[in-house]
Amino acid sequence: MSMEYKPLSFEESLVNQWDTELLYACDDNSEKDPYYVLEMFPYPSGHLHMGHVRNYVIGDALARFKRMQGFNVLYPMGFDSFGLPAENAAIKHGINPKEWTQKNVEHMIIQLKRLGLGYDWSRTLSTFNDDYYRWNQWLFLTFYEKGLVYRKKGWVNWDPVDQTVLANEQVIDGKGWRSGAVVEKKEIDQWYLKITDYAQELLDDLDSLTDWPDRVKLMQKNWIGKSVGTEIDFELVDDSGNHLETVTVFTTRPDTLYGATYVSIACEHPLVSTLLKQASDPDEIKSFIAKTMASNQVDRSDATKPKTGKWLGVYAVNPVNQDKIPLYIADYVLMDYGTGVVMAVPAHDSRDYDFATAHNLPIRVVITQDNSQDVEPITAAFTGQGRLIDSQQFTGLHSEKAKDAITDYLISLSKGRRKEQFRLRDWLISRQRYWGTPIPMMYDDENNPVPVSKEQLPVRLPEDVQFDGKGNPLAYSETFMNVTENGKNYRRETDTMDTFFDSSWYFLRYCDATNTIKPFDAEKISYWMNVDQYIGGIEHAVLHLLYARFFVKACRDCGLLTINEPFKRLLCQGMVLKDGAKMSKSLGNTVDPSAIINQYGADTARIFILFGAPVERDLEYTETGVEGAFRFLKRLFSMTIDYGSYSVHPDKVAELNKVCHKTIKAVTDDLARFSFNTAISRIMELLNTMYSIGTTKEVVLICLKLLAPLAPFMTDYVWQRLDQNGSIHAQAWPVCDESVIQDDEITVVCQINGKVRDKLLIAINSDQATVESVAKSSEKIQLYLDSGTLRKTIFVPNKLINFVVT
RNA sequence: GCGCGUGUGGUGAAAUUGGUAGACACGCUAGACUUAGGAUCUAGUGCCGUGAGGCAUGGGGGUUCAAGUCCCUCCACGCGCACCA
């Protein structure tokens with residue numbers, strides 16, 4: 001039955017066959033153990049790119065492997081389908097965002113199926129459908145009831161290109177995460193989620209995520225940014241010592257309090273406007289503030305730029321020694337960290353040192369590394385810990401003890417308190433755009449926010465809108481804006497939700513995708529969750545992955561489920577590169593996966609991706625690599641479909657079976673640890689063995705099963721051509737027969753002083769004496785032994801024998 | 001600046017626990033088959049050396065009978081955070 005490998009002739013019909021047979025549907029009630037494989041769902045741009053393909057092929061291979069191993073596998077796919085591209089297309093080309101998105105979703109489903117991805121499509125979801133986003137609104141209201149939602153006026157990140165605000169996590173190097181535009185600061189009323197209530201738990205529970213990459217946990221830890229310190233109150237006084245106000249600073253170094261020579265306050269601090277009245281030259285200060293606020297985030301956060309500031313004309317009083325030190329307004333103090341006021345200790349903080357030297361402020365050394373009392377003029381801040389000097393009763397203490405002692409003293413004076421400070425800010429979820437989930441709030445005549453009642457959900461996006469790019473279209477929709485509830489008139493909130501809200505719980509919805517009375521049923525969640533294996537790009541290390549963790553904890557506290565963390569194991573696959581660079585339209589180095597599929601078939605694309613590099617490393621796309629993958633499949637196809645032409649000699653059957661069962665063992669291990677590249681190389685070795693000594697039908701069938709998760713089309717096609725029952729993907733995973741793979745003889749390495757000098761073929765489990773005598777019978781070894789004195793012999797059973805000769 | 005990671009043939013890589021470095025592939029070389037080859041098959045392929053042998057996992061040092069693997073140090077590249085008080 002000689003046949004050429006022509007994948008395009010059978011792959012598509014298999015897609016249809018799998019679809020019809022519902023091969024990948026899973027059951028909520030099964031005797032089998034559940035296993036939940038999930039990939040980060042895509043934004044439906046309409047076209048799959050190589051990054052998607054890599055992500056999904058890895059997940060699909062795992063899902064198929066687990067299915068064959070007898071698990072009840074939940075492997076769903078959906079679409080993160082709200083967001084700006086649809087709206088921008090509407091503005092630019094007058095296309096309806098809903099129709100545009102729906103079309104893209106449909107096209108992507110076809111592409112995903114064509115790749116051979118075995119999703120349970122009965123659970124699919126698309127976040128732009130109101131049967132999904134109504135539950136966004138429901139969750140929002142539930143969180144609101146729980147006190148996890150609030151509205152606040154504040155300085156926010158404004159993306160001038162996307163015309164909307166951004167959460168802190170979404171500003172990267174001072175630029176919008178999507179648009180790349182330099183963000184501006186705006187002061188407006190916005191909706192926030194209280195993620196900071198969970199800062200400590202989000203930090204603590206990182207330790208429980210033992211199967212997450214360390215670097216992701218570290219990035220989250222740094223993002224949460226806990227620091228432990230002291231808040232200290234400084235009284236503000238004028239020239240003649242009259243009390244004006246009190247400011248509070250946060251410091252992690254209360255041990256340096258006696259070295260404070262001035263206090264700095266942020267431009268945005270609410271007290272500044274009051275203090276301006278005291279200043280001798282308010283206009284100069286006002287222009288300084290205006291200048292600072294006008295400079296963009298990138299410039300303002302450039303630590304290398306000279307620090308600027310102005311004296312506010314008033315003094316702060318150091319609560320421990322009553323020193324009157326000047327209060328400066330300074331551009332390097334951040335309003336959104338700590339209290340927006342810092343005590344400046346130039347001798348022991350490099351930023352304060354820079355500022356102090358530029359403004360001729362005194363520098364007072366209060367920490368020494370050694371015990372010397374001589375204080376040389378310093379040329380840089382000493383920021384380490386040490387022994388205190390010139391610090392009254394605390395002189396002589398070490399920093400660590402002094403921190404406690406000084407804090408205790410401040411507490412006794414009622415001038416300070418211990419404080420844990422987090423860098424994490426509350427999550428700003430308002431977006432001033434149309435194509436998102438409407439925030440289910442209304443405003444009464446007095447502008448008080450009132451929640452929409454849950455029975456009224458969903459608050460649907462109106463259709464009578466114009467996309468002219470001028471402001472938020474929702475505000476111009478009469479049908480949307482005016483609402484009457486219980487006989488009272490309200491105006492609707494026009495902000496929509498950050499799309500990260502949508503993606504923070506979609507993995508829960510898959511567990512109960514068609515529920516019409518609540519977002520998900522707690523029992524189904526306990527059956528399926530946690531996600532056993534989550535797979536996605538590293539770019540979401542502190543965005544989506546932090547939000548999703550927060551959501552699960554918040555849902556738990558609202559009584560909706562009982563788990564603490566969403567994702568048990570996390571894999572961040574590497575990027576797909578071309579010519580050493582990330583594929584991008586701007587570089588013009590993109591590769592369209594469908595081009596590979598149309599020429600070589602989906603199996604080739606899959607094998608290329610899985611074989612090319614370990615999953616977590618970047619993968620360089622090469623044409624020769626794709627051809628190599630195709631060649632392998634072709635060779636394997638010919639061997640398996642035409643195994644009768646390669647029948648093994650009876651003498652070689654044992655050898656063949658041994659290689660086959662060793663391959664089962666190795667491939668099973670490799671797949672369990674995501675080592676697809678080595679799994680494929682093992683199958684290649686088995687194939688090479690079959691070409692050299694021939695094969696049997698039994699071995700051919702095992703070989704096909706081992707490759708089935710990786711190359712699902714070819715293996716199923718051949719399987720069915722060989723008159724096997726059903727699909728290969730419904731078969732049980734082969735099991736290694738240990739008795740077949742036992743070796744009688746083994747190669748033991750013989751070393752002289754750690755260098756390999758001979759290799760000995762010896763009965764397995766031979767003892768030291770036997771190995772020694774065989775080694776000594778080797779002429780080569782004898783020569784070395786005779787050339788000196790044998791000092792020591794090291795023996796590792798079945799591995800090596802090492803003679804130390806001097 | 002701080003933190004983290006990576007570095008192995010011409011190339012992608014393997015070596016799961018300190019124990020034969022370079023599996024498997026790509027590429028290349030030679031040969032076979034062929035009207036043809038960008039198909040297929042066979043053999044070879046870390047480097048130096050005719051050879052015996054020597055040298056090799058970014059550089060240098062250390063621990064060990066034995067180091068790609070552990071420790072120290074330096075270098076290069078990548079990533080994250082970046083005035084976080």
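Each chain gets a letter, A, B and so on, in the order its sequence line appears, and its residues count up from 1.
Under 4.0 angstrom from either OP1 or OP2 of B/rU11 there lies no side-chain N or O belonging to A/Thr624. Checking the phosphate oxygens (OP1, OP2) of B/rA14, a side-chain nitrogen or oxygen of A/Arg617 falls inside 4.0 Å. Checking the phosphate oxygens (OP1, OP2) of B/rA25, a side-chain nitrogen or oxygen of A/Asn688 falls inside 4.0 Å. Between A/Lys307 and B/rA85, a side-chain N or O to OP1/OP2 separation shorter than 4.0 Å is absent. Side-chain N/O atoms of A/Arg215 include none lying less than 4.0 angstrom from OP1 or OP2 on B/rG78. Side-chain N/O atoms of A/Arg423 include one lying less than 4.0 angstrom from OP1 or OP2 on B/rA82. One finds no side-chain N or O of A/Arg757 lying less than 4.0 angstrom from the OP1 or OP2 phosphate oxygen of B/rA66.
Looking at heavy-atom distances under 4.0 Å, A/Arg635 makes contact with sugar-phosphate atoms alone, never a base. Using a 4.0 Å heavy-atom criterion, one finds that A/Arg425 contacts no nucleic acid atom at all. Among the protein residues, A/Gly225 comes within range of no part of the nucleic acid, since none of its heavy atoms lies under 4.0 Å from any strand. Residue A/Val333 is in base contact, counting any heavy-atom pair closer than 4.0 Å across all strands shown. A/Asn677 comes within contact range of the sugar-phosphate backbone alone, with a heavy-atom separation under 4.0 Å but no base atom that close. Among the atoms of the strands shown, none is found under 4.0 Å from any heavy atom of A/Asp336. Within the nucleic acid shown, A/Leu218 comes within 4.0 Å of sugar-phosphate atoms alone, with no base atom in reach, counting heavy atoms only. Among the atoms of the strands shown, only primed sugar atoms or phosphate atoms (P, OP1, OP2) are found under 4.0 Å from some heavy atom of A/Glu685. Nucleic acid contact class of A/Val796 (heavy atoms, under 4.0 Å, all strands): base. Within the nucleic acid shown, A/Lys419 has no heavy atom closer than 4.0 Å to any nucleic acid atom. Here A/Glu627 lies out of heavy-atom contact (under 4.0 Å) with every strand. Counting any heavy atom pair closer than 4.0 Å across all strands shown, A/Phe611 reaches a base atom.
Ion pairing between A/Arg417 and A/Asp233 holds under the 4.0 Å rule for side-chain N and carboxylate O.
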Would you sort out whether A/Ser399 and A/Asp255 count as a side-chain hydrogen bond (donor to acceptor under 3.5 Å, both in side chains), showing the intermediate values? CA-CA 6 Å; A/Ser399 291; A/Asp255 54 318; 3.0 Å; yes
Are A/Lys755 and A/Tyr784 close enough, and set up right, to give a side chain to side chain contact (heavy atoms under 4.5 Å, CB included), and what steps lead you there? CA-CA 11 Å; A/Lys755 288 194 173 173; A/Tyr784 283 103; over 6 Å; no
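Rounding to whole angstrom units, CG of residue A/Leu334 and P of B/rA82 are separated by 10 Å. If you measure from atom CD1 of A/Ile794 to atom C1' of B/rG19, you get 11 Å, rounded to the nearest angstrom. Rounded to a whole Å, the CG atom of A/Asp618 is 17 Å from the P atom of B/rC77. Across the protein-nucleic acid pair, A/Leu610 atom CG and B/rC24 atom P stand 20 Å apart, rounded to whole Å.
Taking the six-membered ring for Trp and the full ring otherwise, the centers of A/Tyr621 and A/Phe608 sit less than 6.0 Å from each other. Residues A/Tyr328 and A/Phe355 place their aromatic rings such that the two centres sit under 6.0 Å apart.
In terms of heavy-atom proximity, A/Ile224 sits nearest to A/Ala199 at CG2-O, 3.8 Å.
Closest to the A/Lys305 side chain, of the nucleotides B/rC83, B/rC26, B/rA85, is B/rC83. Here the nucleotide nearest the side chain of A/Val749, chosen from B/rC83, B/rU20, B/rC65, is B/rU20.
Between the side chains of A/Asp323 and A/Tyr258, not a single donor N or O lies within less than 3.5 Å of an accepting N or O. For the residue pair A/Asp670/A/Thr678, the side-chain donor-acceptor check at 3.5 Å is satisfied. Between the side chains of A/Thr407 and A/Asp404, no donor-acceptor pair is found at a separation under 3.5 Å.
Classified by its glycosidic torsion, B/rG51 falls in the anti category, the angle being over 90° from 0.
Helical stems in RNA chain B, defined as runs of 3 or more consecutive Watson-Crick or G-U wobble pairs with donor-acceptor distances under 3.5 Å: B:1-7 with B:75-81, B:10-12 with B:24-26, B:27-32 with B:40-45, B:46-48 with B:53-55, B:58-62 with B:70-74.
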